[in-house]
Colleague: 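What follows is a single structure, and I will ask about it in a moment.
Numbers restart at 1 for each chain; the letters A, B, ... are given by sequence-line order, proteins then strands.
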There are 2 protein chains.
Amino acid sequence: MELDTMDRAPERPALPKIVKVSAEARAIEALRSQIITGMLPAGARITEVQLSGEMGLSRATVRTALHELQKEGLLRLKPYTGWTVIQLTRQDVWELYTLRSAVERLASQLAAGAPMEQRTRIQAAFDNLADACVDASAARIAEADFCFHHAIVDAASHSRLSAQYELIAQQIRVYIRSSDALIPDPADILSQHAPILNAILSGDSAEAGRLAEEHNLVEGEKLGQSIG
Amino acid sequence: MELDTMDRAPERPALPKIVKVSAEARAIEALRSQIITGMLPAGARITEVQLSGEMGLSRATVRTALHELQKEGLLRLKPYTGWTVIQLTRQDVWELYTLRSAVERLASQLAAGAPMEQRTRIQAAFDNLADACVDASAARIAEADFCFHHAIVDAASHSRLSAQYELIAQQIRVYIRSSDALIPDPADILSQHAPILNAILSGDSAEAGRLAEEHNLVEGEKLGQSIG
DNA sequence: AAATTGGCTATTGTCGACAATCTTGGGTGC
DNA sequence: GCACCCAAGATTGTCGACAATAGCCAATTT
């Protein structure tokens, strides 16, 4: 009996899995983050040599990261000259918002048909947005706004749609950071988003899509006006 | 007089400009072409070492190309193991066609509002498709079909939409090459596409979008059934 | 017989160095 | 003063070599 007890080690929690991430992937992430948060502002020039020194990585590794972000639309390469963070024209803004409206229309349609469990998450994101609109900073409201849209896109359970939406959203964030776009009135935000939520929750796919599309086109039009 | 005549060399046509294309870009193009045409079939394994030898390029150059095509959705990377040409599941096909329907809906709406000059090109592409349906091979019909869709997308004058559409189309082509999808009856092809053309030519933006969306969803449903 | 371990090979990941190209500033000629 | 040219420096493009990792197979252990 005693031997049996002594032989059994006490239960302990499993160690967390160590997720392996290549230096390339980490460089991509770090760079993307700096671009999206505006630390690397629109129009900023970047060189592989500079980043290589800064990040303690070989230029080849940095180069891979830069090429990936170029593919995501966040950077522009001038061969043999350098890299630049994107600067968006009015045409670019129009393109981003029309494309986003198309994609988000689809996402909203799919979300309206999603299991209730997924739709509940959209409700939670809306509640979070509503809370933020009461007394939070503009930055927090903007973040909650993005989260609401992402909740819809996630509920669509469509990986390519999510990926595409993310690429569009990234570019829009770069633009917003570089523009003097006015932050919408919190009351407006809620009145714009509530109908979309309601259509999704009630399973009205066509209405959800129509409202989402319209919302994006209207917002895009407003944003486009803020280019000097 | 004679001296003047002798001094003037005869007029000759200007030499064409030499467009500088990096080895990386050429590798990307060559690889993409092999994937889309099926020479590198769905599921095929590729290694950097093999391609480097084949193409007479450094592995780093090839690697850049492979990473770009991964970003385009044509290749998958297994770290430290190898690259694979995509193989699409029914879910993938669904995703591609729903996304394509959303994008092409937008393209058709914009094309319906485009200058007549642009719309005329869509008419020309349709005529070409109609000619092909009379007596051409299945491959030529498929090509003319793609050209018709591309003419609509081009008429939208929306660079991001065109780029996105191209990425989707590429993946669909890889899938079609790997599937036993039946080639639609030529008469069906024309009856499906003519209403879209007519809506665009008559400037009916909403109808063009509706028809384009529906056409893509119906075709996507059919294609998805052909997965064994 | 099934599970584990270890070694080898093949592959990608990353490195630093050489090659190709672009930009800029200074000098020259008109 | 303006236009053109050229060289030098800065940058990306490409190379081959070393480092890290995954997969496979044979040997060993249970």
Colleague: Could you run down the sub-3.5 Å N/O contacts of the protein with nucleotides 20-22 of chain C?
Modeller:
unit_1	atom_1	unit_2	atom_2	d
C:dC22	OP1	B:K20	NZ	3.4
C:dC22	OP2	B:K20	NZ	3.1
C:dC22	O3'	A:T81	OG1	3.1

Colleague: Please evaluate residues B:E213 and A:R105 with respect to the criterion salt bridge (charged side-chain N to carboxylate O under 4.0 Å, His left out), reporting the C-alpha separation (whole Å), side-chain torsions for both, the decisive distance (0.1 Å), and the verdict.
Modeller: CA-CA 12 Å; B:E213 179 182 37; A:R105 174 178 177 273; 2.9 Å; yes
Colleague: Using chain A heavy atoms and a threshold of under 4.0 Å, write down where along DNA chain D the contacts begin and end, 5' to 3'.
Modeller: D:dT11 to D:dA22
Colleague: Take B:V49 and A:R59, find for each the nucleotide of DNA chain C with the closest heavy atom, and name the residue whose nucleotide sits nearer the 5' end.
Modeller: B:V49
Colleague: Send over the distance from B:W83 CH2 to C:dA10 C1', rounded to a whole Å.
Modeller: 16 Å
Colleague: Run the numbers on A:E219 and A:R100 for salt bridge (charged side-chain N to carboxylate O under 4.0 Å, His left out), then give the verdict.
Modeller: CA-CA 11 Å; A:E219 288 307 300; A:R100 181 171 138 168; over 6 Å; no
Colleague: When you measure from every atom of DNA chain C, which of residues 65-73 of chain B have a heavy atom less than 4.0 Å away?
Modeller: B:H67
Colleague: Using a distance-only test with no angle check, is there a side-chain donor-acceptor pair under 3.5 angstrom linking B:R160 and A:Q171?
Modeller: yes
Colleague: Return the 5'-most residue of the pair A:Q50, B:A60 with respect to DNA chain D, ranking by each residue's nearest nucleotide.
Modeller: A:Q50
Colleague: Do B:I141 and B:I189 pass the side-chain contact (heavy atoms from CB on, under 4.5 Å) test, and can you show the C-alpha distance, the side-chain angles, and the key distance before you say yes or no?
Modeller: CA-CA 9 Å; B:I141 295 177; B:I189 295 182; 3.5 Å; yes
Colleague: Between A:R140 and A:E143, is the salt bridge (charged side-chain N to carboxylate O under 4.0 Å, His left out) condition met? List the steps.
Modeller: CA-CA 5 Å; A:R140 264 222 51 223; A:E143 200 57 41; over 6 Å; no
Colleague: Nearest-Å distance, CD (B:E48) to C1' (C:dT12)?
Modeller: 5 Å
Colleague: Might you confirm whether atom CE of B:M116 has over 12 heavy atoms from other residues, nucleotides or ligands at distances under 6.0 Å?
Modeller: yes
Colleague: Looking at every heavy atom in both A:I86 and A:A42, which two are closest together, and how far apart are they?
Modeller: O-CB, 3.2 Å
Colleague: Nearest 0.5 Å, please: how far is CG in A:L223 from OH in A:Y97?
Modeller: 4.0 Å
Colleague: So if I apply the side-chain hydrogen bond (donor to acceptor under 3.5 Å, both in side chains) rule between A:E95 and each of B:S162, B:S159, B:S157, which one comes out positive?
Modeller: B:S159
Colleague: Between A:T47 and B:T61, just flag the one whose closest nucleotide in DNA chain D comes earlier from the 5' side.
Modeller: A:T47
Colleague: Check the pair A:H67 / B:H67 against ring pair (Phe, Tyr, Trp, His ring centres under 6.0 Å), numbers first and verdict last.
Modeller: CA-CA 9 Å; A:H67 272 279; B:H67 272 280; 9.9 Å; no
Colleague: State plainly whether the residues A:K71 and B:E72 are in salt-bridge range, i.e. N to O under 4.0 Å.
Modeller: yes
